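Have a look at the structure below before the remarks.
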Amino acid sequence: MTIRVVIVDDQAMVRAGFAALLSAQADIDVVGEAPDGRQGLLVSRSAHPDVVLMDVRMPEMDGLTAARELLDPPPGVVHRPKVLMLTTFDIDDYVYEALRAGASGFLLKDAPPADLIAAVRVVASGEALLAPSVTRRLIADFVQQRPAPRKDPSLRLKGLTPRETEVLELIARGLSNQEIAAHLVLAEQTVKTHIGRVLAKLDLRDRAQAVIFAYEAGLVRPGDSP
C-alpha cells in the first residue's frame, strides 16, 4: 500500500529535497506541497494524504495552528491525516503543544535521509515517531519547564488495571515494546495488547500522547527511570 504524503514548509529547497527523497521510495507517493500552513490545509484536504510533514514556523499560518485544524477538523470534514512536525530543539513550546494537539511526533530538519523515510513509514503505520526514549526525554523537559494546566487526568487512571498502569508508566519512561516485555516478563504481543487497551480507555491517539498523559497525570516525573 502506497503512503500518500504532503510536505508543508516555507523553504522551497527543503520541500524539493524531501519530495525527491520520498518519491524515490516505492511505497511513498508525494501528492502535494505547500509553502505555509494555510495552503497546507487546502492541499491536504484536497489530496487526502496519509501523512503531512508540517514545518513549525511559517508565514500566513504556522504549523501548530495548521496541525490543530487538520487533527480537529470542522464538521463535515472526515479526513484526518497523521501529522509529523518538522522542527529544531529551540522551539520546545511549539513541539510540545503540537504533540498535545495530536501530532504523531516530530523530526529534526537536519535528520539523516534514512530517518525521514523511516519516520514517514512509522507515522503512517499509526505509531508515534522516533525512539520512545527520545520522545520521553523531550517531553519530560517540556513538562518540567512549561507544565500545562491540569484537568486532573489522574482520575482517568482509575479506569486502568494495575498491569495497564504499569505498562503506561514504562512507556512514559522511554521503554520500547520489547523492553517492556522483558521488564514485565511478558510476550511482546501481550504488551501490544495492553498498550492498545490503554490508548482506547484513555482516548489517546498514539504513544506520544500516552507519554504526555502519564506526565500530566503525575504517573511519572522528569528524571524517573525504570
Side-chain angles (χ1 to χ4, degrees), residues 2-12 14-16 18-19 22 28-109 116 119-130 135 138-139 142-143 146-151 153 199-200 202-213 215-216:
T2 301
I3 302 170
R4 297 168 59 83
V5 176
V6 164
I7 302 170
V8 185
D9 193 293
D10 63 339
Q11 298 180 44
V14 171
R15 296 198 308 273
F18 283 1
L22 295 174
I28 299 176
D29 185 14
V30 177
V31 296
E33 300 177 24
D36 59 63
R38 193 175 306 283
Q39 292 187 49
L41 279 176
L42 296 175
V43 172
S44 297
R45 285 178 177 162
S46 63
H48 291 175
D50 301 300
V51 177
V52 176
L53 294 180
M54 183 77 73
D55 189 18
V56 173
R57 289 181 175 175
M58 294 181 291
E60 298 296 327
M61 177 185 286
D62 64 69
L64 177 58
T65 301
R68 281 174 173 157
E69 294 201 22
L70 281 175
L71 296 167
D72 188 19
V77 178
V78 296
H79 179 69
R80 289 201 304 178
K82 304 292 184 182
V83 175
L84 174 56
M85 304 302 296
L86 300 172
T87 187
T88 58
F89 281 114
D90 61 352
I91 42 179
D92 295 346
D93 287 325
Y94 286 95
V95 176
Y96 180 52
E97 288 302 318
L99 291 173
R100 292 184 71 241
S104 294
F106 50 89
L107 183 71
L108 297 179
K109 292 180 108 176
L116 172 64
V120 169
R121 290 172 176 155
V122 166
V123 170
S125 72
E127 296 293 328
L129 173 68
L130 298 184
T135 303
L138 289 177
I139 294 177
F142 304 155
V143 173
R146 285 163 291 278
R150 294 186 182 181
K151 297 180 181 178
L199 297 180
L202 298 178
D203 193 26
L204 302 173
R205 194 165 312 202
D206 55 29
R207 196 184 197 102
Q209 287 200 325
V211 174
I212 291 170
F213 178 91
Y215 276 100
E216 293 186 337

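Residue numbers start at 1 and run along the sequence shown. A quick note: this is a predicted structure, and the numbers were derived from the prediction, not measured.
Minimum heavy-atom separation, A34 to V43: CB-CG2, 4.2 Å. Shortest non-hydrogen contact noted between P35 and P59 is O-CD, 4.2 Å. Residue V83 comes nearest to A67 through the heavy atom pair CG1-CB, 4.0 Å, listed as atom of the first residue, atom of the second, then distance. Considering all non-hydrogen atoms of both residues, K82 and S104 come closest at CD-OG, 3.7 Å. Closest heavy-atom contact between P49 and P81: O-CB, 3.3 Å. Here the closest heavy-atom approach between residue L107 and residue A119 is recorded as CD1-CB, 4.3 Å.
For the pair R15 (side chain) and I7 (backbone), a donor-acceptor distance under 3.5 Å is absent. In this structure, H79 contributes its side chain and P73 its backbone to no donor-acceptor pair below 3.5 Å. Between the side chain of S44 and the backbone N or O of L41 there is no donor-acceptor pair closer than 3.5 Å.
Taking CZ of R38 as the start and CG of D62 as the end, the distance is 10.0 Å to the nearest 0.5 Å. L70 CG to R45 CZ: the interatomic distance, rounded to the nearest 0.5 Å, is 6.0 Å. To the nearest 0.5 Å, the span separating OG1 on T65 from CE on M58 amounts to 9.0 Å.
Residues F18 and L86 form a side-chain contact, since some pair of their non-hydrogen atoms from C-beta on lies under 4.5 Å apart. Between V6 and V31 there is a side-chain heavy-atom pair separated by less than 4.5 Å. Taking the side chain as every heavy atom from C-beta outward, D55 and K109 approach each other to under 4.5 Å.
Of the residues L53, D50, V30, the one that meets the side chain to side chain contact (heavy atoms under 4.5 Å, CB included) test with V120 is L53.
Counting only residues at least two apart or on different chains, the salt bridge (Lys or Arg N to Asp or Glu O under 4.0 Å) pairs with a member in residues 63-76 are R68-E97.
Residues satisfying the salt bridge (Lys or Arg N to Asp or Glu O under 4.0 Å) test with R121, not counting sequence neighbours, are D27. For D36, the side chain to side chain donor-acceptor pair (under 3.5 Å) partners at least two apart in sequence or on another chain are Q39.
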